[in-house]
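We use all heavy atoms of the structure for the numbers below, so side chains are in, but hydrogens, waters and symmetry mates are not.
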Amino acid sequence: QVQLVESGGGLVQAGDSLRLSCVASGRTFSSYAMGWFRQAPGKEREFVAAVSRSGANTKYADSVKGRFTISRDNAKNTVNLEMNSPKPEDTAVYYCAARFSTISSSIATTEDLFYSWGQGTQVTVSS
């Protein structure tokens, strides 16, 4: 399995920008479809964004579409989440997740399809 470590979380004002990063170690990173999920206090974990193995395909939750951008750099074993114009309702612990896939273009958006998870990074958006 791949090991994942997130970074980049912190306190940000609404309307500013923040970039989360997730570095993977272990198996071949390019064999994994990647995703970002988040969990706000008192709520269940929810899907945020996903990217295919090649990076060619992406998908977003409606709540972040147009504001967040997921990208990956297979040479650096990294997947990023650019958070533009964050809102207080984006406050949550953000988790990076990996899913081994034999199909380069496939994307997963449900957490039970992901096998490896990071420890999470806290993002707090102040109004």
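Partners of Q122 by side-chain hydrogen bond (donor to acceptor under 3.5 Å, both in side chains), not counting sequence neighbours, listed by chain and number: T124. Considering only residues two or more places apart in sequence or on other chains, T58 meets the side-chain hydrogen bond (donor to acceptor under 3.5 Å, both in side chains) condition with none of them. For R19, the side-chain contact (heavy atoms from CB on, under 4.5 Å) partners are S21, N80, E82, not counting sequence neighbours. Shown here are the salt bridge (Lys or Arg N to Asp or Glu O under 4.0 Å) partners of E46, two or more places apart in sequence or in another chain: R38. When the side-chain hydrogen bond (donor to acceptor under 3.5 Å, both in side chains) test is applied to S106, the partners found at least two apart in sequence or on another chain are S101. With sequence neighbours left out, F47 forms a ring pair (Phe, Tyr, Trp, His ring centres under 6.0 Å) with F37. Not counting sequence neighbours, the partners of A98 by the side-chain contact (heavy atoms from CB on, under 4.5 Å) test are V2, L4, Y32, M34, S116.
At least one side-chain heavy atom of Y94 sits less than 4.5 Å from a side-chain heavy atom of M83. Contact annotation: the side chain of E6 never approaches that of L20 to less than 4.5 Å [non-hydrogen atoms, C-beta and beyond]. Q3 has its side chain within reach of S25: a pair of non-hydrogen atoms, C-beta onward, lies under 4.5 Å apart. Using a 4.5 Å heavy-atom threshold, the side chains of V79 and I70 count as touching.
Of all heavy-atom pairs between S104 and S52, the closest is O-CB, 3.4 Å. Across all their heavy atoms, S30 and N74 have their closest contact at CB-ND2, 3.7 Å. Between I107 and A50, the closest heavy-atom pair is CG2-CB, 3.5 Å. Summarising the geometry of V12 relative to P86, their closest heavy-atom pair is CG1-CG, 4.2 Å, with the distance given to 0.1 Å.
Taken together through direct or relayed side-chain contacts under 4.5 Å among Ile, Leu, Val, Met, Phe, Trp and Tyr, F100 and W117 form parts of separate hydrophobic clusters. Hydrophobic clustering places V123 together with Y60 (ILVMFWY residues linked when any side-chain heavy atoms are closer than 4.5 Å, directly or through intermediates). Residue L18 is not grouped with residue Y95 when hydrophobic side chains (ILVMFWY) are merged at heavy-atom distances under 4.5 angstrom, including chains of intermediate members. Cluster membership for F114 and V23, using ILVMFWY side-chain heavy atoms within less than 4.5 angstrom, is not shared. W36 and L113 are not part of a single hydrophobic cluster, where members link through side-chain heavy atoms under 4.5 Å apart.
Sorted by first and then second residue, the disulfide (SG to SG under 2.5 Å) pairs involving residues 54-112 (not counting sequence neighbours) are C22-C96. Sorted by first then second residue, the disulfide (SG to SG under 2.5 Å) pairs that include residues 41-84, not counting sequence neighbours, number zero. Applying the salt bridge (charged side-chain N to carboxylate O under 4.0 Å, His left out) test to pairs two or more places apart or on separate chains, none has a residue in residues 118-127. Counting only residues at least two apart or in different chains, salt bridge (charged side-chain N to carboxylate O under 4.0 Å, His left out) contacts with residues 64-77 comprise D62-K65, R67-D90. Within the structure, salt bridge (charged side-chain N to carboxylate O under 4.0 Å, His left out) contacts touching residues 105-127 (residues at least two apart or in different chains) are R45-E111.
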**OP:** Start with the C-alpha gap between F68 and N84, add the side-chain angles, then the distance that decides, and say whether side-chain contact (heavy atoms from CB on, under 4.5 Å) holds.
**Re:** CA-CA 6 Å; F68 291 9; N84 294 318; 5.9 Å; no

Subject >> Test log, rule side-chain contact (heavy atoms from CB on, under 4.5 Å), inputs T121 and V93 >> reply: CA-CA 5 Å; T121 184; V93 177; over 6 Å; no

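Of the possible donor and acceptor atoms, one in the side chain of N57 sits under 3.5 Å from a partner among the backbone N and O of S105.
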